[in-house]
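Inspection log for the structure reproduced underneath, given as structure tokens.
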2 protein chains.
Amino acid sequence: MAIPTPAATTGLREIKKQETRQLISDHATRLFIAQGFEQTTIAEIAAAARVAKKTVTNYFPRKEDLALDHQEQFAVSLAAAVTARRQGESALAALRRAFADAVAAQDPVAGFSGQQFARMIADSPTLSACLRGLHDQREHHLARALAEATGAHPDDITVQTAAGLLSAVHRVLFHRIQTLTLAGHPNDQIAHTIAAEAAEAFNLLEPALSSYGTD
Amino acid sequence: MAIPTPAATTGLREIKKQETRQLISDHATRLFIAQGFEQTTIAEIAAAARVAKKTVTNYFPRKEDLALDHQEQFAVSLAAAVTARRQGESALAALRRAFADAVAAQDPVAGFSGQQFARMIADSPTLSACLRGLHDQREHHLARALAEATGAHPDDITVQTAAGLLSAVHRVLFHRIQTLTLAGHPNDQIAHTIAAEAAEAFNLLEPALSSYGTD
DNA sequence: GGCAAACTTGCAACGGACGTAATTATAGCC
DNA sequence: GGCTATAATTACGTCCGTTGCAAGTTTGCC
């Protein structure tokens, strides 16, 4: 997926901004992995990147933003899967297929983040809380997409519940991938295990939502 | 529910500790309601309660602990409902009944917290994140209870998924009560509305888990 | 070449979290 | 009933994330 950059003239200023941002992000990730998230200070990152502390907090308003990338992509992933579902495909079927694809591709957005990254998150209450918030945002986006797909009011209890149930399955599977990653399993083996478990999990929900959100 | 106090001799010291704790908590709640959670500093609370700053953070390690009470009770509520379910009653039925009871009693643990309290939480990212963490803990406790009830391994994907689905319904309904509270509806009206919506939400899950966790 | 806008920088302040040592008051024991 | 060990409270101080502000520097445009 190339960067769209809508009318973003690649002037010298934009180029240097992107370089500076990447420079800070790279040093931050390296330090977080090496010595943990909480143990790394913004001052250290700024010193490593040879920029001012203020520049770091200017590009990344909160410290968590330095560690968790692709937040927006994660938050809209389920809603996008529903919006882009095939003709006659239910929301559940679309989300099942989307997860299977993500597992096959070992997509980081599905939870394939590497052992060191998973450990960094697990060891940091701040990052764990931030991840919970992202799961929450993802559910809300999904609820909006489901409301649009079914023509129901966004506050409708059935819409809200369906979004909660569907995102719960994805969240449980995400957490399972993280757990297996932390346990040291290689991605290939995790993908194999999770594929079978995902079938069980989605099958459990099938009787409840088999035709929900079908065109 | 009286305080068990297992062999807790009600010495003068324990009494004064409880008084001090209550004094701090009362002043904190009052200030949070009056001027918001983030806008209130621990120093202000300490000054209002006429104690040292350190005494506040000694009784309440984190600032959130000053605002959110009964955290442990909330976290174990779903697990307790499953553990105490009747003979032959499914986990879903037990949780449906527990929620109906909580709504009838307008239990704060179910979300009946009053408009000012709901606003305090909604206006504070810190408290919202803390509440998400509590929902997460509640799901994990439920998963353990379900594993024990079904004899399955706690890491079993069916157990994890069932816990995720069941707690998702409770979480959606909790959030709905908060939303209605923020909108200014009186508790009686909310209880009436939610009772009907809860029936819809649990009915949605019924085909999936009607017999799960039955003795 | 010069001007306006933007980015970067350094400094400062605030607030929450944590640690430590000193003071005070209680509870158990003789 | 007095003494001592224990535990809470207090008053410091430090660290770190976050925010605001003014000055300096670079970029893009005229």
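Keep in mind the model is a prediction, meaning the values are calculated, not measured. Proteins come first, then strands; the chains are lettered A, B, ... in the order of their sequence lines, and each starts at number 1.
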To the nearest angstrom, the CD-C1' distance between A:Gln39 and D:dG17 comes to 15 Å

From the candidates D:dG17, C:dG19, D:dT9, the one with an atom nearest any side-chain atom of B:Asn58 is D:dT9

Using the six-membered ring wherever Trp is involved, compare the ring planes of A:Phe99 and A:Phe202 and label them parallel, tilted or perpendicular (cut-offs 30° and 60°). tilted

Checking side-chain polar atoms at under 3.5 Å, does A:Gln35 have a donor or acceptor matched by the opposite partner on A:Glu44? yes

message: Does A:Phe60 reach a base, just sugar-phosphate, or nothing at all? Heavy atoms under 4.0 Å.
response: nothing

Closest of C:dA17, C:dT9, D:dT18 to the B:Arg62 side chain is C:dA17

A:Ile42 atom CD1 is separated from C:dG10 atom P, nearest whole Å, by 16 Å

Against the side chain of A:Lys54, the closest entry in D:dT18, D:dT19, C:dC18 is D:dT19

Whole-Å distance, A:Phe37 CZ to D:dC16 P, equals 14 Å

Ranking D:dT9, D:dA11, C:dA17 by distance to the side chain of B:Lys17, first place goes to D:dT9

Ranking D:dT9, C:dT9, D:dG17 by distance to the side chain of A:Thr55, first place goes to C:dT9

Open item on the list: If you count every heavy atom of other residues, nucleotides or ligands that lies below 6.0 Å from A:Glu200 atom CD, does the total exceed 12?
Closed with: yes

- Would you classify A:Thr40 as touching base, sugar-phosphate or nothing, given that sugar-phosphate means primed atoms plus P, OP1 and OP2, and contacts are heavy atoms under 4.0 Å? sugar-phosphate

Rounded to whole Å, CZ of A:Arg50 lies from C1' of C:dG10 at a distance of 16 Å

Of the candidates D:dG20, D:dT18, D:dT26, the side chain of A:Lys16 sits closest to D:dT26

Checking C:dA17, C:dT9, D:dC16 against the side chain of A:Thr41 (C-beta onward), the nearest is D:dC16

Look at the side chain of A:Asp156 and the backbone N and O of A:His153, then say whether any donor-acceptor pair between them is shorter than 3.5 Å. no

In whole angstroms, the gap separating C1' of C:dG15 from CD1 of B:Ile45 amounts to 12 Å

To the nearest angstrom, the CD-P distance between A:Glu19 and D:dT26 comes to 16 Å

OP1, OP2 of C:dT8 versus side-chain N and O of A:Tyr59: anything below 4.0 Å?
yes

ask   = Any chance the rings of B:His135 and B:His175 have centres within less than 6.0 Å?
value = no

Atom CZ of A:Arg21 and atom C1' of C:dT8 are separated, to the nearest Å, by 16 Å

From CG of A:Leu31 across to P of D:dC16 the rounded distance in Å is 14 Å

